[in-house]
Enquirer: 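Handing you this structure, nothing more for now.
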Amino acid sequence: MTTAFDPIDLSGTRLGNRIAMAPMTRSRAHGEGLTVTDSTVEYYSQRASAGLIITEGIQPSVVGQGYPNTPGLHSAEQVAAWRKVADAVHAEGGKIFAQIMHAGRIGHPVLWPERELVSVAPSAVAAEGQLYTHEGPKDFIAPRELSGDEVRAIIGEFVEASRNAIAAGFDGVELHGANGYLIHQFLAPNTNLRTDEWGGSVENRIRFAVEVTKAVAEAIGAERTGLRVSPGNVYNDIKETDPEAVYPALINELEPLGLGYLHVVEMMPGFREITLGLRKQFSGTFILNPATEGPTDHGALGLIEEGSADILAFGALFLANPDLPVRLRTEGPYNTPDTASYFGGDDKGYTDYPAL
């Protein structure tokens with residue numbers, strides 16, 4: 001019987017176990033030009049016992065930034081800073097993928113050096129709600145609808161950031177197609193009102209995700225490319241009316257590429273049917289971030305034993321427990337995450353969680 005503590009071959013990259021650190025925004029790129037710091041090096045290297053680390057979302061361009069102090073991968077300085085992270089994780093025997101995330105309409109000009117810039121999206125539809133900024137909460141603003149040429153240009157930004165990730169020493173990249181950010185905005189009918197080749201039908205709404213993934217896979221190798229999706233996710237004012245049609249169609253297009261993995265964020269146990277359908281459809285490595293209404297500690301490991309996933313991704317539990325694989329094997333004890341220090345701040349709640 002396969003267990004979470006068995007090694008696995010991830011399209012040529014050997015992982016020591018089947019426990020992944022999920023991507024989590026921490027907003028601690030305090031270096032000049034939104035570069036990560038020595039604290040970030042320590043944070044990730046502390047967690048190198050994960051079979052796979054997936055970094056926080058990293059923007060591929062200035063306008064791709066969605067939150068304060070999130071790091072980029074679009075400048076030489078940013079690449080050099082991330083190189084220290086990748087080297088430190090490798091020195092501890094770990095493997096690390098960079099998550100490339102374009103926030104799309106989830107952003108605000110107060111985040112960017114040039115405030116005349118405007119967020120971009122498939123359609124000019126503002127998200128309901130507010131964004132936290134250093135100037136306090138700000139209402140989301142209506143984004144500018146991308147032209148066809150601009151859509152192609154942003155695909156190029158994903159490719160360039162992915163190349164930068166490999167240059168920085170990452171083992172691969174994960175494309176963030178979940179949680180209401182740009183790729184997800186193309187998938188969802190309430191954020192994509194287009195009538196051209198990029199919108200309307202299911203076939204057209206999945207096109208951006210397909211084209212981004214194909215282009216990145218061609219640039220850095222399919223075996224080093226993963227995709228994260230979250231069927232039915234309502235985060236960031238997403239309303240998906242047909243996830244049971246969209247995601248099988250998307251995976252049908254991506255299956256021939258031979259991707260490194262598919263990473264599914266499960267919203268609730270009620271979506272398990274979609275999860276298992278995608279698991280059956282996708283022949284590569286299947287990473288599952290299981291629904292929070294179910295077990296989110298060692299109780300979730302049975303999902304690997306029963307074959308529902310090849311790898312399990314843990315978020316807040318890994319944030320608070322740098323040696324999580326050991327604690328999962330012993331069934332605890334677990335440090336409690338400090339929610340007040342999740343986003344921004346100093347090393348408190350970042351690098352000071354004790355190991356066993």
Side-chain angles (χ1 to χ4, degrees), residues 25 27 34 56-72 74 99-158 161 175-202 204-212 228-243 246 265 267 343-344:
T25 297
S27 292
L34 297 177
E56 62 213 272
I58 306 173
Q59 58 259 15
S61 64
V62 170
V63 177
Q65 182 185 1
Y67 301 101
N69 294 111
T70 56
H74 52 85
Q99 189 193 66
I100 310 300
M101 168 186 150
H102 193 301
R105 69 176 187 163
I106 306 302
H108 199 284
V110 300
L111 299 172
W112 308 320
E114 300 176 30
R115 293 203 175 191
E116 65 271 18
L117 296 173
V118 179
S119 58
V120 296
S123 301
V125 181
E128 293 185 4
Q130 293 185 314
L131 173 73
Y132 172 80
T133 76
H134 292 312
E135 298 181 8
K138 299 285 186 181
D139 290 339
F140 288 118
I141 62 174
R144 181 173 58 79
E145 180 174 309
L146 291 161
S147 70
D149 287 343
E150 288 173 326
V151 172
R152 292 287 179 188
I154 287 183
I155 292 173
E157 291 176 359
F158 274 95
L175 303 173
H176 198 347
N179 295 8
Y181 302 115
L182 185 63
I183 294 177
H184 201 182
Q185 291 161 26
F186 273 91
L187 295 174
N190 74 309
T191 49
N192 185 348
L193 310 180
R194 302 174 74 100
T195 57
D196 63 1
E197 63 180 317
W198 303 103
S201 66
V202 168
N204 285 351
R205 278 187 280 131
I206 68 173
R207 191 183 307 278
F208 182 72
V210 171
E211 292 301 319
V212 169
R228 193 183 208 214
V229 296
S230 56
N233 193 346
V234 299
Y235 190 62
N236 284 322
D237 193 30
I238 288 291
K239 298 178 177 66
E240 291 191 301
T241 56
D242 54 356
V246 168
V265 184
M267 302 317 301
F343 308 110

Enquirer: Distance from Leu111 atom CG to Gln59 atom CD, nearest 0.5 Å?
Expert: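 These two atoms lie 9.0 Å from each other.
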Enquirer: Quick one: which residue pairs count as a ring-ring contact (aromatic ring centres under 6.0 Å, His included) with a foot in residues 103-152, not counting sequence neighbours?
Expert: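 Pairs touching residues 103-152 that pass the test: none.
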Enquirer: With side chains defined as the heavy atoms from C-beta onward, is the minimum distance between Arg228 and Leu175 less than 4.5 Å?
Expert: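 Heavy-atom side-chain distance check fails, nothing below 4.5 Å.
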Enquirer: Using side-chain heavy atoms (C-beta onward) and a distance below 4.5 Å, is Pro122 in contact with Glu145?
Expert: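 No. Closest side-chain heavy atoms not under 4.5 Å.
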Enquirer: Between Gln130 (side chain only) and Lys138 (backbone N and O only), is there a donor and an acceptor less than 3.5 Å apart?
Expert: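 Not a single qualifying donor-acceptor pair exists.
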Enquirer: Mind listing the closest non-hydrogen atom pair of Pro71 and Gly57 along with its distance?
Expert: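 The pair with the smallest heavy-atom distance is CD-O, 4.0 Å.
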Enquirer: With sequence neighbours excluded, tell me which residues meet ring pair (Phe, Tyr, Trp, His ring centres under 6.0 Å) with Phe158.
Expert: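 Ring pair (Phe, Tyr, Trp, His ring centres under 6.0 Å) check on Phe158 returns nothing, list empty.
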Enquirer: For Asn204 and Glu197, does a side-chain donor sit closer than 3.5 Å to a side-chain acceptor?
Expert: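 On atom types as modelled, these side chains do not qualify, holding no pair under 3.5 Å.
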Enquirer: Just so I know, are the side chains of Thr241 and Pro189 near enough to count as touching, which here means a heavy-atom distance under 4.5 Å?
Expert: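 Side chain of Thr241 against side chain of Pro189, heavy atoms only: contact under 4.5 Å found.
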Enquirer: So do Arg105 and Asp237 actually touch side chain to side chain, heavy atoms under 4.5 Å?
Expert: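 The answer is yes; the side chains approach within 4.5 Å.
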Enquirer: Decide yes or no on side-chain hydrogen bond (donor to acceptor under 3.5 Å, both in side chains) for Asn179 and Asn233, but give the supporting numbers first.
Expert: CA-CA 6 Å; Asn179 295 8; Asn233 193 346; 2.9 Å; yes
Enquirer: Does any part of the side chain of Ile206, heavy atoms only, come nearer than 4.5 Å to the side chain of Phe186, both counted from C-beta?
Expert: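 No, too far: nothing below the 4.5 Å cut-off.
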Enquirer: Checking side-chain polar atoms at under 3.5 Å, does Gln65 have a donor or acceptor matched by the opposite partner on His102?
Expert: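 Checked: Gln65/His102 side chains show no N/O donor-acceptor pair below 3.5 Å.
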Enquirer: Below 30° counts as parallel, above 60° as perpendicular, anything between as tilted: where do the rings of Tyr235 and Tyr181 land?
Expert: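 Correct class here is perpendicular.
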Enquirer: Ignoring hydrogens and geometry, is there a side-chain-to-backbone donor-acceptor pair from Thr191 to Gln185 under 3.5 Å?
Expert: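 Yes; at least one donor-acceptor contact below 3.5 Å.
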Enquirer: Can you check whether Thr70 reaches Met101 side chain to side chain, under 4.5 Å on heavy atoms?
Expert: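 No, too far: nothing below the 4.5 Å cut-off.
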Enquirer: May I ask you to test the Arg152-Glu211 pair for a side-chain heavy-atom distance under 4.5 Å?
Expert: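 In contact.
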Enquirer: Is there a side-chain contact between Arg205 and Asp242, using heavy atoms and a 4.5 Å cut-off?
Expert: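 Heavy-atom side-chain distance check passes, below 4.5 Å.
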